[in-house]
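These notes are about the structure you will find just below.
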Amino acid sequence: MKKFFLFFYCLCISCFVFAQKNYTPAPENLQARQWFADARFGLFIHWGPFSIPGDGEWVMNNRNITVKNYSRLMDFFNPIQFDAAKWVGMAKDAGMKYITLITRHHDGFSMWNTKYSDFNIMNTPYKKDIVKLMADECHKQGIKLYLYYSLLDWRRDDYSWSTGRTGKGTGRTVQGNWNDYLSFMKNQLTELLTNYGEIGGIWFDGHWDQTAPEGAADRSAKIDWHYDEIYGLIHKLQPACLIGNNHHMTPFPGEDFQMFEKDLPGENKSGLSYQEASDKLPVETCETINNSWGFNITDTTYKSNEQLLHYLVKASGLGVNFLLNIGPMPNGEIQPEFKDRLHWMGDWLRTYGESIYNTNAGYLKPQAWGCLTQKTDKIYVHVFDNKRASVILEQFPFKKIKKAYLLKDKTAVKTQLKNDMAQLFLPDNIDEPDEVIVLEVKN
Ligand code: FHN
């Protein structure tokens with residue numbers, strides 16, 4: 001019993017006391033949450049000097065590259081083909097409503113003109129502030145910009161690397177002062193939230209470096225992240241800015257959305273997703289097109305268009321956003337395998353977007369045949385299995401189906417509603433990866 005209380009106490013200390021106590025979201029924050037939940041589909045961009053070796057964004061850690069040797073990448077990063085207008089245009093064409101951009105990953109490189117670290121984009125041959133270029137273009141093209149910011153740092157001495165799980169082979173010998181690191185992060189976040197206009201959200205990552213691995217009974221952090229100060233600062237600078245933290249746990253106070261990585265809530269294929277989905281906050285899941293976040297020259301395990309589509313639709317069926325990642329090449333180009341898939345998704349959404357954007361989770365969880373999304377008086381039945389003759393919806397929550405038709409061309413669909421069970425008879429010729437049937441319903 002004593003042990004249980006000690007465990008519970010530690011959990012409280014690690015997760016709650018240091019998070020933003022007594023946080024009441026501002027009205028504009030609540031509105032921003034609703035916007036976010038309605039948007040459903042976003043683009044994740046993992047890009048920086050780590051893209052140069054073509055071995056993913058963990059290359060510094062995985063190859064034990066020392067800080068001194070890794071710093072050389074700064075002299076090579078010159079993405080002359082980078083065109084913010086094209087990137088943002090590509091996301092829009094894909095039907096995405098927001099972009100989440102890496103501003104500083106675990107390697108510690110800052111993609112903007114920061115006063116607080118020399119390891120930044122202005123000291124590369126490129127010399128242009130990538131965050132500014134992206135922010136201006138997002139604002140111009142009407143796409144919201146969210147910023148990924150790593151809590152973990154494989155480079156700095158003042159990051160608590162001695163208690164961390166990763167970045168042990170980067171040659172650090174001196175353990176600096178944790179408070180200096182906290183001030184550094186607060187200064188950088190202040191820059192990001194002051195100099196780049198409206199920021200949709202901050203996407204934190206790396207908390208897990210200071211905890212036991214996912215799934216362990218005690219996942220309390222070994223250090224105090226001072227989230228009360230960090231979250232408080234963000235909400236003070238931009239009250240509508242949503243905070244999410246990829247700690248792979250139940251949201252802490254002060255967080256405005258929850259994220260999953262490489263899993264839909266309820267599955268745990270990645271070994272990262274032991275947490276329950278929040279029923280209070282918007283939820284997002286992120287996934288890669290191949291198996292890498294940052295550019296990986298040998299990873300050709302591309303998911304098919306259909307796989308990516310089913311991920312988006314199943315996420316929507318659970319009321320969850322889908323943040324789909326690309327790892328652009330070091331020269332600023334995006335490989336055709338990514339561009340083609342994004343364009344295909346956009347084409348699909350141009351016909352079927354009504355069944356994804358501004359929808360709620362289906363009253364039934366995703367099934368073997370497909371899933372449901374809903375609006376007040378409509379149910380969208382997404383049928384992935386086009387070999388079926390009919391689909392049965394058990395415990396149908398409406399008294400009447402006023403109309404049923406294929407979303408793509410309004411072809412009527414025969415239905416039967418009996419004893420709380422709706423049966424939909426599918427036309428013979430359906431051949432879509434997701435055939436969407438609209439049910440106009442009434443109580
Ligand atoms: O370590 C990172 C990884 O590089 C990537 O950024 C993903 C994206 O969700 N998050 C971390 C792993 O949990």
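Indexing begins at 1, ligand by ligand and atom by atom, following the structure's order. Bear in mind that the values here come from a model prediction, so they are computed numbers and not experimental data.
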Kindly state each residue pair satisfying salt bridge (charged side-chain N to carboxylate O under 4.0 Å, His left out) with at least one member in residues 105-132, sequence neighbours excluded.
K132-D136
What salt bridge (charged side-chain N to carboxylate O under 4.0 Å, His left out) pairs are there with at least one residue in residues 146-155, not counting sequence neighbours?
R104-D153
By the definition ring pair (Phe, Tyr, Trp, His ring centres under 6.0 Å), identify the one residue from W58, Y148, F338 that meets it with H46.
Y148
Report all protein residues having a heavy-atom distance below 4.0 Å to some atom of ligand 1; order the list by chain, then number.
F44, H46, E57, W58, H105, H106, Y148, W203, D205, W208, N246, H248, E261, C286, W293
For E28, enumerate each residue passing the salt bridge (charged side-chain N to carboxylate O under 4.0 Å, His left out) test, keeping only those at least two apart in sequence or located in another chain.
none
Do the ring planes of W35 and Y146 sit parallel (below 30°), tilted (30 to 60°) or perpendicular (above 60°)?
parallel
Side chain to side chain donor-acceptor pair (under 3.5 Å) with Y227: which of H207, Q20, E255?
H207
